[in-house]
Chemist: 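Have a look at this one.
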Amino acid sequence: MIVYKTNEEVELIRISATLISSALAEIAKVLKPGMTTMELDKLAAEYIADHGAIPSFLNYEGYPHHICTSVNDVVVHGMPNDKPLRDGDIVTVDIGVIKNEFHGDHAYTFILGDAPQEVIDLVRVTKECLYEGINHAVADSYLSNISSAIQRHAENNGYGVVREYVGHGLGRSMHEHPQVPNFGRRNEGILMKENLVLAIEPMINLGTKEIKVSKDGWIISTADGKPSVHFEHDVCIKPGHALILSNYALIEIVEKANINLNSTYY
């Protein structure tokens with residue numbers, strides 16, 4: 001069942017989403033080669049607690065960490081560990097929080113130092129895919145138009161679009177109906193109405209769209225070992241345009257000031 005939100009509930013989701021944005025900005029301040037993703041997990045855990053929120057991911061279906069950190073060929077659900085990050089790595093940090101009984105859930109991909117141009121281009125195009133999808137996240141439009149726009153932009157640039165993992169509704173539960181695939185045909189399925197809140201999250205691979213799953217069932221990687229990029233915004237459906245509830249500007253300002261991060265894809 002799709003749960004449409006009141007304006008007051010949308011504002012509570014915005015508070016949770018913006019808290020994640022500010023946590024990601026804190027990570028951007030310190031992120032550099034030599035750090036470990038476990039250090040990022042600790043930083044995020046402290047920041048979330050200090051701001052009166054609860055980490056959505058911790059113990060979710062047995063997940064043992066506060067955030068997901070997906071490095072290079074890891075598509076989603078990468079687990080923090082003690083392996084030092086290297087110059088040229090890409091790191092997607094995905095965070096969920098609960099505050100005032102409502103979830104936020106969004107992600108951002110960072111480039112550490114010097115990366116190959118093909119990786120920089122992949123990061124740029126994946127972020128463009130996100131906004132291409134958001135441009136279609138409007139009332140009285142079909143949800144599949146979001147999916148189609150993402151797929152079209154990614155595949156026009158020669159990239160693989162992950163099928164098995166998708167965006168979703170967001171509210172009192174972290175994963176609500178409907179699902180938001182990153183592929184599909186236009187003008188099919190669900191007709192969106194005002195105040196539907198979605199987490200839109202393209203997962204785009206440099207090579208094949210195919211994936212593989214770790215033995216523990218958590219870590220999703222590209223089948224060919226090539227890089228994957230993941231961006232995610234929380235948005236509310238409105239007439240004429242989407243209301244973006246998360247705030248990348250908080251992250252991008254810090255990212256551009258951090259000499260250890262590559263922001264040449266803007």
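For the single chain, residues carry numbers from 1 onward in sequence order.
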Chemist: Could you grab the distance from atom CZ of Phe102 to atom OG of Ser16, nearest 0.5 Å is fine?
Modeler: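 Between Phe102 CZ and Ser16 OG, I get 9.0 Å after rounding to 0.5 Å.
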Chemist: Between Ile200 and Ile134, is any pair of side-chain heavy atoms under 4.5 Å apart?
Modeler: yes
Chemist: Side chains of Tyr108 and His230 only: does a donor on one sit below 3.5 Å from an acceptor on the other?
Modeler: no
Chemist: Would Asp73 and Lys226 pass as an ion pair if we require N to O under 4.0 Å?
Modeler: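 A salt bridge is absent here (no side-chain N lies under 4.0 Å from a carboxylate O).
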Chemist: Do the charged groups of Glu39 and Lys42 touch, with an N to O distance under 4.0 Å?
Modeler: no
Chemist: Measure the CD1-CD distance between Ile251 and Glu26 for me, rounded to the nearest 0.5 Å.
Modeler: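 Reported value, rounded in 0.5 Å steps: 11.0 Å.
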Chemist: Kindly compute the distance separating CD1 (Ile150) from CD (Glu128), expressed to the nearest 0.5 Å.
Modeler: 13.0 Å
Chemist: Between Ile244 and Tyr131, is any pair of side-chain heavy atoms under 4.5 Å apart?
Modeler: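 Side chain of Ile244 against side chain of Tyr131, heavy atoms only: contact under 4.5 Å found.
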Chemist: Between the side chains of Thr208 and Asp224, is a donor N or O closer than 3.5 angstrom to an acceptor N or O?
Modeler: no
Chemist: Does a donor on one side chain and an acceptor on the other come within less than 3.5 Å for Arg14 and Thr18?
Modeler: no
Chemist: Checking His106 against Tyr248 for the side-chain contact (heavy atoms from CB on, under 4.5 Å) test, could you report, in this order, the C-alpha distance in whole Å, the side-chain angles of both residues, the deciding distance, and whether it holds?
Modeler: CA-CA 10 Å; His106 73 97; Tyr248 278 177; 3.9 Å; yes
Chemist: Have His136 and Ser141 got a donor and an acceptor in their side chains that come within less than 3.5 Å?
Modeler: no
Chemist: Which distance, rounded to the nearest 0.5 Å, do you find between the CG of Leu191 and the CG of Asp140?
Modeler: 5.5 Å
Chemist: Any donor-acceptor pair under 3.5 Å linking the side chain of Thr92 with the backbone of Thr109?
Modeler: no
Chemist: Say whether, by atom type as modelled, one donor and one acceptor occur between the side chain of Glu188 and the main chain of Gly184 under 3.5 angstrom.
Modeler: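 Judged by distance alone, no pair lies under 3.5 Å.
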Chemist: Between Phe231 and His233 (judged by ring centroids, cut-off 6.0 Å), do the two rings come close enough to count as a pair?
Modeler: no
Chemist: Quick check: are there more than 12 heavy atoms from other residues, nucleotides or ligands sitting under 6.0 Å from CD of Gln179?
Modeler: no
Chemist: If I compare all heavy atoms of Ile111 with all of Ala115, which pair ends up nearest, and what's the gap?
Modeler: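 Smallest heavy-atom distance, with atoms named: CG2-CB, 3.6 Å.
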Chemist: Where the side chain of Ser148 meets the backbone of Arg185, is there a donor-acceptor pair that is under 3.5 Å apart?
Modeler: no
Chemist: Roughly how far, to the nearest 0.5 Å, is the CG atom of Asp82 from the OG1 atom of Thr37?
Modeler: 7.5 Å
Chemist: Provide the full list of side-chain hydrogen bond (donor to acceptor under 3.5 Å, both in side chains) pairs with a residue in residues 157-168, sequence neighbours left out, each pair given once.
Modeler: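 Every pair satisfying side-chain hydrogen bond (donor to acceptor under 3.5 Å, both in side chains) with a residue in residues 157-168: Asp105-His168, His168-Glu201.
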Chemist: Is any NZ, NE, NH1 or NH2 atom of the basic residue among Lys256 and Glu252 found under 4.0 Å from an Asp or Glu carboxylate oxygen of the other?
Modeler: no
Chemist: Side chains of Val93 and Cys68: closer than 4.5 Å at any heavy-atom pair?
Modeler: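 No, every pair of side-chain atoms sits at 4.5 Å or beyond.
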Chemist: How about Asn258 and Lys32: does a side-chain donor come under 3.5 Å of a side-chain acceptor?
Modeler: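 Not at all, the side chains of Asn258 and Lys32 share no donor-acceptor pair under 3.5 Å.
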Chemist: Is there a side-chain contact between Val235 and Leu245 in this structure, where contact means two heavy atoms from C-beta onward sitting under 4.5 Å apart?
Modeler: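 Side-chain contact under 4.5 Å: no.
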Chemist: Quick one: do the Gln117 and Asp121 side chains pair a donor with an acceptor below 3.5 Å?
Modeler: yes
Chemist: Please tell me whether His66 and Asp41 have a donor and an acceptor in their side chains that are separated by less than 3.5 angstrom.
Modeler: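 A donor-acceptor contact under 3.5 Å links the two side chains.
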Chemist: Say whether, by atom type as modelled, one donor and one acceptor occur between the side chain of Lys99 and the main chain of Leu12 under 3.5 angstrom.
Modeler: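 Answer holds: no.
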Chemist: Between Met203 and Val91, is there shared hydrophobic-cluster membership here, with clusters defined by ILVMFWY side-chain heavy atoms closer than 4.5 Å?
Modeler: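 No, Met203 and Val91 fall in different hydrophobic clusters.
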Chemist: Taking all heavy atoms of Ser70 and all of Gly78, pick out the closest pair and write down the distance.
Modeler: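 Answer, listing the atom of Ser70 first, then Gly78: OG-N, 3.1 Å.
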Chemist: If you look at every heavy atom in Leu143 and Pro181, which pair is closest and at what distance?
Modeler: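 The pair with the smallest heavy-atom distance is CD2-CD, 4.3 Å.
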Chemist: Would you find a donor on one side and an acceptor on the other, under 3.5 Å apart, between the side chain of Asn72 and the backbone of Ile90?
Modeler: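 The answer is yes, because a donor-acceptor pair under 3.5 Å joins these two groups.
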Chemist: Examine Ile13 and Leu243 and state if one hydrophobic cluster contains both, with Ile, Leu, Val, Met, Phe, Trp and Tyr joined whenever side-chain heavy atoms are less than 4.5 Å apart.
Modeler: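 Cluster IDs for Ile13 and Leu243 match.
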Chemist: Would you find a donor on one side and an acceptor on the other, under 3.5 Å apart, between the side chain of Ser221 and the backbone of Val74?
Modeler: no
Chemist: Do the non-hydrogen side-chain atoms of Asp216 and Met79 ever get within less than 4.5 Å of each other?
Modeler: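 Asp216 reaches Met79 side chain to side chain.
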Chemist: Ignoring hydrogens and geometry beyond distance, is a side-chain donor-acceptor pair present between Asp114 and Asn262 at under 3.5 Å?
Modeler: no
Chemist: I'd like to know if Val30 and Ile95 are part of one continuous hydrophobic network [Ile/Leu/Val/Met/Phe/Trp/Tyr, side-chain heavy atoms within less than 4.5 Å].
Modeler: yes
Chemist: Please evaluate residues Val76 and Asp94 with respect to the criterion side-chain contact (heavy atoms from CB on, under 4.5 Å), reporting the C-alpha separation (whole Å), side-chain torsions for both, the decisive distance (0.1 Å), and the verdict.
Modeler: CA-CA 8 Å; Val76 285; Asp94 191 355; 5.5 Å; no
Chemist: Kindly say whether Pro84 contributes a backbone atom to a donor-acceptor pair with the side chain of Thr36 at under 3.5 angstrom?
Modeler: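 It does not hold such a pair.
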Chemist: Taking the side chain from Ser173 and the backbone from Glu176, do they hold a donor-acceptor pair closer than 3.5 Å?
Modeler: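 Not at all, since once roles are kept as given, no pair shorter than 3.5 Å links the two residues.
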Chemist: Treating Asp234 as the side-chain partner and Gly104 as the backbone partner, does any N or O pair qualify as donor plus acceptor under 3.5 Å?
Modeler: no
Chemist: List the steps, then state whether side-chain contact (heavy atoms from CB on, under 4.5 Å) holds for Leu196 with Ile2.
Modeler: CA-CA 8 Å; Leu196 171 63; Ile2 295 176; 3.6 Å; yes
Chemist: Is a donor on one side and an acceptor on the other found under 3.5 Å between the side chain of Tyr63 and the backbone of Ile67?
Modeler: yes
Chemist: Compare every heavy atom of Glu61 with every heavy atom of Trp218, then report the nearest pair and how far apart it is.
Modeler: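 Here Trp218 and Glu61 meet closest at CZ2-O, 3.3 Å.
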Chemist: Kindly indicate whether the side chain of Asn260, heavy atoms from C-beta on, has any atom under 4.5 Å from the side chain of Pro33.
Modeler: yes
Chemist: Distance check, rounded to the nearest 0.5 Å: Ser228 atom OG versus Lys209 atom NZ?
Modeler: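 Rounded to the nearest 0.5 Å, the OG-NZ separation comes out at 14.0 Å.
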Chemist: Determine, step by step, whether Leu198 and Met192 satisfy the side-chain contact (heavy atoms from CB on, under 4.5 Å) criterion, reporting the C-alpha distance in whole Å, the side-chain angles of both residues, the deciding distance to 0.1 Å, and the verdict.
Modeler: CA-CA 11 Å; Leu198 302 173; Met192 297 179 290; 4.2 Å; yes
Chemist: Is the shortest side-chain heavy-atom distance between Val162 and Pro202 below 4.5 Å?
Modeler: no
Chemist: Is Arg86 atom CZ crowded by more than 12 heavy atoms from other residues, nucleotides or ligands, each under 6.0 Å away?
Modeler: no
Chemist: So which heavy atom on Ile20 is nearest to which on Gly96, and how close?
Modeler: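 Looks like CD1-CA, 3.9 Å.
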Chemist: Side-chain contact test, heavy atoms from C-beta onward, threshold under 4.5 Å: evaluate it for Phe57 versus Met174 and give yes or no.
Modeler: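 Touching, per the 4.5 Å side-chain cut-off.
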